[in-house]
Structures are given as structure tokens and as C-alpha cells.
Amino acid sequence: MSTAVPPTTRTDRPHPVSWGADPYADALRNGRGPLFLRRSDGWLLPLEVERWCARPDAADLSALRRCEGAVLDIGCGPGRLVAALLARGRRALGIDVSAAAVARTLATGGAAVHRSVFDSLPGEGSWGTALLLDGNIGIGGDPRALLARSAELVDPGGLLIVETTPADVDEQVRVRVEGGHHAPGTAARPPDDTFPWARVGTPALLRYAAQAGWAPAEQWTVTGQADQLPGAERCFVSLRRRAAPRSRGRSVRPSSHRADSAHSPAVTSSQRARNTPPGSPVPAS
């Protein structure tokens, strides 16, 4: 089984801004926050670093039990899901645009490559399941483009499992990553430190999915976990890739690696655009 990973090639697809900034990398190395996405209007979207760095919880496991075939975790972060899938004997690979995220995934026994979802990836068109959990439907700020790209990654009839925001929201915004101790105005901000992000609830996701070649398969909600606030819930949707119509002059880019071999341990370093959390933003203090 080959362990080589093809070099990253740039494409004309949208490319998420790297999350390599110190607050995010530091939070992953330490395994804890506080960490936020700050919108331009000053509201904060809390990032659940402690949960991402812990073992999979009941909500995570509800999604992992539904996986089919080899699994691609898009925006794998510190790699808890990849490691759990591999421990269960399922082939799995994480991709991320954060070096710290990929390093932590590898350290936990997972397999990961340092790529954006919009780069050339191992096993394109042959993954049984792709995951967009922990708010990763927000990657790139364009859910329709992300869903269309995800359809290129799974095999015909493949599955995509998406975690949605519990609220009925359809929001595309610009955000920046901030740690909990940042005091606005105390340091000069680079002009390009914001990037596009999205938050979508289930109704909006289903609208975008229909336009991107996905059919709804299942919806479920997990509540009542010990570490959840009263009334908190995590919402999931599984989508099935529809058979593609005959192409008019558009060819699918071939992949030199199938998903069967893409999980092999000789994976690379990291670069990933990781998560945004479910739930509502909280006012900045």
C-alpha cells in the first residue's frame, strides 16, 4: 500500500484563510480556550476547544456510527474523530489548514494531511463518507461551494454528515480568531486578518444541498449530555450524493490515490481552517 501523498496543488476554488494564527494554535497545543470568532459587529462566536481536544462524546459517536466506508474528516482540528474511527478499524483521514491541528492529530494516532478542502486531495471521488462537524460547514464562507466540493470527494452514492447550527440561521460573515484575553484596540491589526465564515441551520443547509447535488438522508438531534448547558443541543444532517448527470464538457479531475490507501500513516504536516461552534453568538464584553 502506497504511503506517498501527492503534492498540494492550488486550484481556482475558494481557499480558506489559514488558522495558523497564534490564538488558535496556542489553544490547540494547550487543549483549552477561551477562543472566539469575532464578527465585525463585535459579537463573539465561542469555539469549543476543550470539547474538540477531549474524547468523542455521545453526539460525536452518533455521527461516527453512521459513517460508511473510508471517512474523510474535513477540518479535522485536533483529530479526535479521526483517531476514534481508526481505533474502530475504519479507514479515516483528516485534512486541516492548521499545522498545530495536524500535529495534534498525528500525536493522538490519527492520520492527517496539511491541506485545504479546496486543494487537490488523496482519494478524490472514492471516500465513502465525508464529515463537516463542529461548525465546519462554515469553511470558506460559502456553504454552496463547500457542499459542491464535498460532492467531488465522495464516491457515487457517498455520504456527507454535517453538523448544523440549532437555530434557523443562514449567515455569511467575516470573522477573526481571538483569544479570551484580547483587549480591542490594544494592538495594531493586520488589514487581512479577517476571513469569510458561515453559520447555517438545517433548513438553510437543505436548500444549499439540493443545489449542490445532495439528497437528504437523515436528520437527528442529541441533547442532554452531561457537559451541555440546559437546553443545549447538537443537530446533524446526513446527505446522500445524487447520481451526477452526464457532464457537458466538464471533466472530473482524476485522483492518483484512492481512499483505501489515503489513510496510511505517512501523512504530512498541517494547515487547516477549523471549526466554528454550534449555538448562538454571545455579546462581547
Side-chain ion pair, D142 and R144, N-O less than 4.0 Å: no

Would you compute the distance between atom CG of L93 and atom CG of L85 and round it to the nearest 0.5 angstrom? 11.0 Å

Got V175 and T194 here, is their nearest side-chain heavy-atom distance under 4.5 Å? no

Of all the heavy-atom pairs spanning V82 and G110, show the shortest one and how long it is. CG1-CA, 3.9 Å

Rounded to the nearest 0.5 Å, the CD atom of E152 sits from the CZ atom of F118 at a distance of 9.5 Å

Less than 4.5 Å apart, any side-chain heavy atom of I74 and any of L153? yes

For the side chain of R38 and the backbone of L44, is there at least one donor-acceptor N/O pair under 3.5 Å apart? no

Could you give the distance from CZ (R39) to CZ (R174), rounded to the nearest 0.5 Å? 14.5 Å

A side-chain contact here means heavy atoms from C-beta on lying under 4.5 Å apart; do P23 and E178 qualify? no

Is any side-chain heavy atom of V102 less than 4.5 Å from a side-chain heavy atom of V113? no

In terms of side-chain geometry, is the basic nitrogen of R32 or E50 positioned less than 4.0 Å from the acidic oxygen of its partner? no

Begin from the C-alpha positions of L81 and L64 and carry the test side-chain contact (heavy atoms from CB on, under 4.5 Å) through to its verdict. CA-CA 8 Å; L81 304 179; L64 299 188; 4.3 Å; yes

So, taking the atom named CG in N136 and the one named CG in L131, what distance separates them when rounded to the nearest 0.5 Å? 9.5 Å

Shortest non-hydrogen separation from L133 to A63 and the atoms involved: CD1-CB, 4.0 Å

Does the ring of W127 carry R91 above it, NZ/CZ under 6.0 angstrom from centre and within 45° of its axis? no

Please report the shortest heavy-atom distance between G125 and P156, naming the atom on each side. O-CD, 4.2 Å

Candidate pair C53 and R104, rule side-chain contact (heavy atoms from CB on, under 4.5 Å), full reasoning: CA-CA 9 Å; C53 293; R104 181 150 182 156; 3.5 Å; yes

Salt-bridge present (D134, R80; N to O < 4.0 Å): yes

Salt-bridged, R149 to D119, with N to O below 4.0 Å? no

Using modelled atom types and a 3.5 Å cut-off, is there a donor and acceptor pairing between side-chain atoms of R241 and backbone atoms of V154? yes

Check the pair L147, L239 against side-chain contact (heavy atoms from CB on, under 4.5 Å), reporting the backbone distance first and the verdict last. CA-CA 10 Å; L147 290 167; L239 303 167; 4.3 Å; yes

Y208 and I137: CA distance, side-chain angles, deciding distance, side-chain contact (heavy atoms from CB on, under 4.5 Å) verdict: CA-CA 11 Å; Y208 289 125; I137 186 61; over 6 Å; no

Look at the side chain of R242 and the backbone N and O of W214, then say whether any donor-acceptor pair between them is shorter than 3.5 Å. yes

Where do P78 and T105 come nearest, in terms of heavy atoms and distance? C-OG1, 3.3 Å

Quick one: are E233 and P166 in side-chain contact, heavy atoms under 4.5 Å? yes

Minimum heavy-atom separation for L121 to S116, with atom names? CD2-O, 3.7 Å

Heavy-atom side-chain contact between R66 and W220 under 4.5 Å: yes

ILVMFWY cluster, V169 and V237 together (side-chain gap under 4.5 Å): no

So that I can tick it off, tell me whether R90 and E68 are bridged by a salt bridge, with the cut-off set at under 4.0 angstrom between side-chain N and carboxylate O. no

Do T164 and T202 touch side chain to side chain, with heavy atoms closer than 4.5 Å? yes

Of the non-hydrogen atoms in G109 and L86, which two are nearest, and what is the gap between them? O-CD1, 3.7 Å

Do L37 and L47 make a side-chain contact, defined as non-hydrogen atoms from C-beta onward lying under 4.5 Å apart? yes

Are R51 and D60 ion-paired here, with the side-chain N under 4.0 Å from a carboxylate O? yes

Please round to the nearest 0.5 Å and tell me the distance separating atom CD1 of I161 and atom CG of D73. 10.5 Å

